[in-house]
Amino acid sequence: MTKKVAVLPGDGIGEEVMAQALRVLSAVSEIFPLKFETRHALAGGAAFDKFGSHMPEETLKLCRESDAILFGSVGGPVADMNLPKWKNCEANSILSLRKTFNFNVNLRPVKVIPELAALCPLKEEIIARGVDILFVRELLGDAYFGEKKTFLKDGRRVATDLSTYTEDQVASVAHAAFKAALKRNNKVTSVDKANVLDASKLWRTVVHEVAQEYPTVKLEDMLVDNCAMQIIRDPSQFDVVVTTNMFGDILSDAAAVLPGSLGLLASASQNEAGFGLYEPPGGSAQDIAGKGCANPIAQILSVALMLRFSFQAEEAAQAIENAVSLTLKQGLRTTDILTPDSSGKTQAVTTVQMTDGILAHLMKLSPVLS
Ligand code: IPM
Ligand code: MG
């Protein structure tokens, strides 16, 4: 059956890397028995120009009619952040999609590819132990969506963002984490601030209750401040990290420097019905937009996550991931991941050339099925 994909390229490098990801998706449909119908809609600043909204109803409607959402990136140049077009652009677009579709679980895999170890800021002996972490972040609770108020008290300004968790919110994301661990290395690290926060105490209690249903998975608790340190000290200790919305936002960005470039990371947001949005969490990189040099890998790996989680096409997902890793092994580098080769030379490829390399490996690797 044809799968309908809503394509929201957004702003900055979004359009150019999305075009490459769609070349890969189209190659997948030639190799595997999968058919896709892609329909485009505007998001972020691009949508604001036409509709006066960063996430217009037209775009939400297309998403509702689709089987999955492939998202690019949104946001404007840093210098223009206060123009109406760009003000709150990221929050308005991304948070409203999360809310509209109840995307409560966010999966962010972070892996150091041995060929790119030179880009990792950690010492060689630490990287050699292996870095392969899946962050499972709760996406609809915490201060992000709690009651917000800015007011005057005794003539002084006060602002508050209420951070709340219900046991059902915690249980849902905990199940997602344990299920993911079963397919990986059977370890879950639950990160909270249970020595101070009530919401974290409930978090910890509920995660332990859910753990009873997964006796083969090892569960450990870690306080968030310690976790921030451990990610840098010895990331090899982590398999699946499950945490709250705010801690997940911060920790996943901290870990994102390990692979060497945000241009390599893909992420998946899902609701309980299995509907999902797939995006590179790296941002719109306006400084290099339109130059043809952006790294398309994060967007291409987002396609792989979509195939795996929304369309249960594991073989096709792996074929893309293998093709990406072979292309990196072969030495192709966009500017963001440029390292000197053995002869000390560096030469960057373009967005299109990197994708050409990936497509060449994809066509070789995958069995042609009828
Ligand atoms: C992310 C982003 C968003 C978040 C912003 C843009 C609202 O940082 O997806 O991590 O904080 O969740
Ligand atoms: Mg973030």
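Counting convention: from 1, in listed order, for ligands and their atoms alike. In this chain, numbering begins with 1 at the start of the sequence shown.
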Atom 6 (C) of ligand 1 has as its nearest protein heavy atom Glu90 CB, 3.6 Å

State whether the number of non-hydrogen atoms from other residues, nucleotides or ligands found under 6.0 Å of Lys148 atom NZ is greater than 12.
-> yes

Can you tell me if Asp168 and Thr166 form a side-chain donor-acceptor pair at under 3.5 Å?
-> no

Which atoms of ligand 1 are found less than 4.0 Å from any heavy atom of Arg137?
-> 1 (C), 4 (C), 9 (O), 10 (O), 11 (O), 12 (O)

Atom 2 (C) of ligand 1: nearest protein contact (heavy atom, Å) = Asp249 OD1, 4.0 Å

Ligand 1 contact on Arg108 by region, counting heavy-atom pairs under 4.0 Å = side chain

Can you list the residues that meet the ring-ring contact (aromatic ring centres under 6.0 Å, His included) rule with Tyr144, with sequence neighbours excluded?
-> none

Kindly write out the residues that satisfy side chain to side chain contact (heavy atoms under 4.5 Å, CB included) with Lys3, not counting sequence neighbours, or none if the list is empty.
-> Phe36, Asp67, Phe311

Hey, are Lys85 and Asp80 close enough for a salt bridge, meaning a charged N less than 4.0 Å from a carboxylate O?
-> no

Would Glu279 count as a contact of ligand 1 if the rule is a heavy atom under 4.0 Å away?
-> no

Excluding water, the protein N, O or S atoms sitting under 2.8 Å from the Mg ion (ligand 2) are Asp249 OD1

If you measure from the Lys or Arg side-chain nitrogens to the Asp or Glu carboxylate oxygens, is any gap between Asp225 and Lys193 under 4.0 Å?
-> yes

Sub-4.0 Å atoms of ligand 1 with respect to non-hydrogen atoms of Arg98 = 1 (C), 4 (C), 9 (O), 12 (O)

Just distance, no hydrogens or angles: give the donor-acceptor pairs under 3.5 Å from side chains in residues 174-183, sequence neighbours left out.
residue: His175; atom: ND1; partner: Tyr214; partner atom: OH; Å: 2.7

Hey, mind stepping through Arg308 and Tyr278 against side-chain contact (heavy atoms from CB on, under 4.5 Å) and telling me if it holds?
-> CA-CA 11 Å; Arg308 170 171 298 130; Tyr278 303 88; over 6 Å; no

Nearest-contact summary for atom 11 (O) of ligand 1 - protein heavy atom, Å = Tyr144 OH, 2.5 Å

Among all protein heavy atoms, pick the one closest to atom 7 (C) of ligand 1 and tell me residue, atom and distance.
-> Leu95 CD2, 4.0 Å

Return a yes/no value: protein heavy atom under 4.0 Å from atom 4 (C) of ligand 1?
-> yes

Indicate yes or no: does Asp239 engage Lys218 in a salt bridge with an N to O separation below 4.0 Å.
-> no

Between Lys187 and Glu220, does at least one N-O distance fall below 4.0 Å, as a salt bridge requires?
-> yes

